[in-house]
Protein chains: 2
Amino acid sequence: MVLEQKQTLVTRSGASRVMAILDALASADPAVFPDGLSVADVARMLGREKSVVSRQLKSLLETGMVARRSSGRYELSWRLFALAVRAGDQRLTKLAAPLLLRLTETVRERTYLSVLSDGEVLTVLSEGSRRSIEAANWVGRTVPVHRSSSGMALLMDYEDKYILEMVRRGENGVSEREAREFLAQVHEARRRGYSVANRIFDPELLGIGAPVRDFTGRIHAAVNISGPAFRIEPHIQAFGGHLLSAVKALQASLCSDTRPGADPSDL
Amino acid sequence: MVLEQKQTLVTRSGASRVMAILDALASADPAVFPDGLSVADVARMLGREKSVVSRQLKSLLETGMVARRSSGRYELSWRLFALAVRAGDQRLTKLAAPLLLRLTETVRERTYLSVLSDGEVLTVLSEGSRRSIEAANWVGRTVPVHRSSSGMALLMDYEDKYILEMVRRGENGVSEREAREFLAQVHEARRRGYSVANRIFDPELLGIGAPVRDFTGRIHAAVNISGPAFRIEPHIQAFGGHLLSAVKALQASLCSDTRPGADPSDL
DNA sequence: AAGGGGCGGTGCAGAAAATGCAACGTCGTG
DNA sequence: CACGACGTTGCATTTTCTGCACCGCCCCTT
């Protein structure tokens with residue numbers, strides 16, 4: 001797909017030479033090259049001398065950016081993966097903060113970013129609505145999974161059996177009816193894309209949550225809106241929409257290109 | 001063979017220069033550098049000329065690997081994350097995730113998937129037990145080979161000589177006694193099929209690990225269970241059994257899934 | 001306002017890479 | 001066994017990078 005005129009711009013800087021090779025390794029369809037790329041493969045893709053590619057790959061190998069399979073072919077190494085994971089955690093809260101702020105401005109209710117921790121929902125970030133009546137700031141606190149919209153969002157990808165077990169285990173006072181109700185809510189959330197906890201945590205509170213996926217596609221966190229039920233109830237759909245676009249923006253800024261079919265030649 | 005030894009701290013090849021900068025950006029403590037790193041920060045970390053770092057960062061900026069915040073400071077950018085999605089063995093992580101989940105469900109301790117990377121054990125995936133006391137999530141981090149059950153599992157197929165060499169190279173503080181003890185543990189692991197690291201990484205931790213082999217029989221990764229020694233110790237055999245069947249299932253799915261390019265379009 | 005210090009960035013000559021060609025050993029395959 | 005493809009290396013040339021000095025900028029202090 002991308003094999004065309006690379007040599008025009010590619011030879012500028014050292015970093016972009018490195019990137020060209022990494023890009024080639026990354027963009028190789030694993031179905032076509034299930035075992036990595038050979039020196040010659042990369043050389044053909046980039047239209048360069050195989051000797052050059054050989055030496056560059058050797059260099060990249062020493063730095064740990066690429067790995068060599070037993071077949072002698074090259075692939076992107078785990079080290080790159082580790083790099084991204086480490087940096088990804090930092091990025092989440094950093095990038096989420098302004099988005100929470102914007103979301104709060106839109107819906108005028110308190111918004112939260114939370115993660116799953118020890119089987120409970122841990123709030124890591126929150127932005128207040130500056131209205132006199134609003135949900136409380138729960139940063140640093142945990143909430144049982146089954147009592148919040150974030151919990152529903154965080155569990156969206158798990159299997160039903162697992163969700164039920166998790167809910168039951170979370171707190172000893174969970175009735176079977178409650179658990180099944182929660183599960184039904186999760187199912188609805190999957191359909192809609194966002195979860196709704198209407199007077200579940202508190203008879204006066206209504207929460208709307210959506211999952212945030214990291215670059216691996218796993219649900220890493222959840223964003224939710226929470227506030228007085230009487231005020232939010234009429235706007236559930238609208239708020240859900242806002243929430244979804246906020247999360248989408250967050251994911252985009254976390255990693256703008258995770259679609260495997262996407263052509264990374266947008267530079 | 002590499003004829004020359006690394007004589008200086010300063011890096012030799014262009015690729016490792018790039019990697020050094022990315023490493024610096026990734027490993028910066030977000031508490032200390034909440035807004036990315038400045039040119040001078042990176043230059044100090046790497047002990048290099050700021051002019052060099054400035055030019056390299058500019059180059060990396062053009063490739064999209066790093067981004068510049070409004071403050072002028074640098075941070076890792078989407079390009080790296082886009083690369084990281086394709087790094088490592090995507091098939092492995094994807095297929096392992098549900099299996100880790102199931103295993104965790106069974107043993108109620110944190111489970112890990114790790115690979116050998118640069119002579120260290122890199123945790124690639126982890127699933128928490130949702131108990132209040134459990135081992136920590138180490139995804140993206142590395143652990144010395146000789147201090148974990150995964151390390152034992154990953155090295156199971158190597159020859160003794162090589163294992164010892166690897167252990168000694170891993171960390172300079174490895175005593176001869178420790179190394180031989182590790183080797184003995186690996187031998188036991190071969191016999192049993194799974195490895196046990198009882199209070200080795202940490203005086204309170206116990207890990208049980210098993211190797212994951214691809215269809216050629218080569219060890220590609222390791223799955224391990226880790227948690228408080230007092231809780232796991234009575235169930236080592238049972239957990240080992242569960243671990244082995246989980247790994248067996250994972251290996252089966254690795255072989256049967258013929259669609260390596262299956263796309264993670266779940267974003 | 002002036003000075004000091006840290007910052008990011010640039011010009012330049014010398015130093016140190018990468019480059020491309022040719023050649024070599026090594027695999028499989030026909 | 002010859003053939004072609006592959007990965008790798010030696011070498012002269014070219015290109016790039018390096019380190020130093022220096023500049024303009026901003027912020028803080030005096």
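Within every chain, numbering begins at 1; the chains are lettered A, B, ... in the order of the sequence lines, protein sequences first and strands thereafter. Worth saying up front: this structure is predicted, and the values here are computed from it rather than measured.
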Are the side chain of R213(A) and the backbone of Q251(A) linked by a donor-acceptor contact shorter than 3.5 Å? no
Any donor and acceptor pair, going by atom type alone, linking the side chain of D41(A) with main-chain N or O of S38(A) inside 3.5 Å? yes
N/O to N/O distances under 3.5 Å, protein versus nucleotides 28-30 of chain C:
none

Does dT18(D) have its OP1 or OP2 closer than 4.0 Å to a side-chain nitrogen or oxygen of Q56(B)? yes
Hey, is the side chain of R17(A) poking within less than 4.0 Å of OP1 or OP2 on dT19(C), counting only N and O atoms? yes
Gap between atoms CZ and C1', on F33(A) and dC6(D) respectively (whole Å): 15 Å
At under 4.0 Å between heavy atoms, how does the protein contact nucleotides 4-10 of chain C? Give one character per nucleotide, 5' to 3', with B, S or -. ---SBBB
Can you check whether T63(B)'s main-chain N or O pairs, donor with acceptor, with R79(B)'s side chain at less than 3.5 Å? yes
Looking at R102(A) and E127(A), does any basic side-chain N land under 4.0 Å from a carboxylate oxygen? no
Distance check needed: dT8(D) C1' versus R48(A) CZ, whole Å only. 18 Å
Please name all residues satisfying salt bridge (Lys or Arg N to Asp or Glu O under 4.0 Å) with R55(B), sequence neighbours left out, ordered by chain then number. none
Five-pair end axes of the helix from dA1(C)-dT30(D) to dG30(C)-dC1(D) and the angle they enclose, rounded to 10°: 40°
Salt bridge (Lys or Arg N to Asp or Glu O under 4.0 Å) with E49(A): which residues, sequence neighbours excluded? none
Would you confirm whether R147(B), through its side chain, and F201(B), through its main-chain N or O, come within 3.5 Å as a donor-acceptor pair? yes
Do S149(B) and S195(B) have side-chain N/O donor and acceptor atoms under 3.5 Å apart? no
Can we call the ring centroids of W78(B) and F81(B) under 6.0 Å apart? no
List for me each residue that meets ring pair (Phe, Tyr, Trp, His ring centres under 6.0 Å) alongside Y74(B), sequence neighbours excluded, and say none if there are none. none
May I ask you to check whether T216(B) and D214(B) show a side-chain donor-acceptor distance below 3.5 Å? yes
From CD of E49(A) across to C1' of dG20(C) the rounded distance in Å is 5 Å
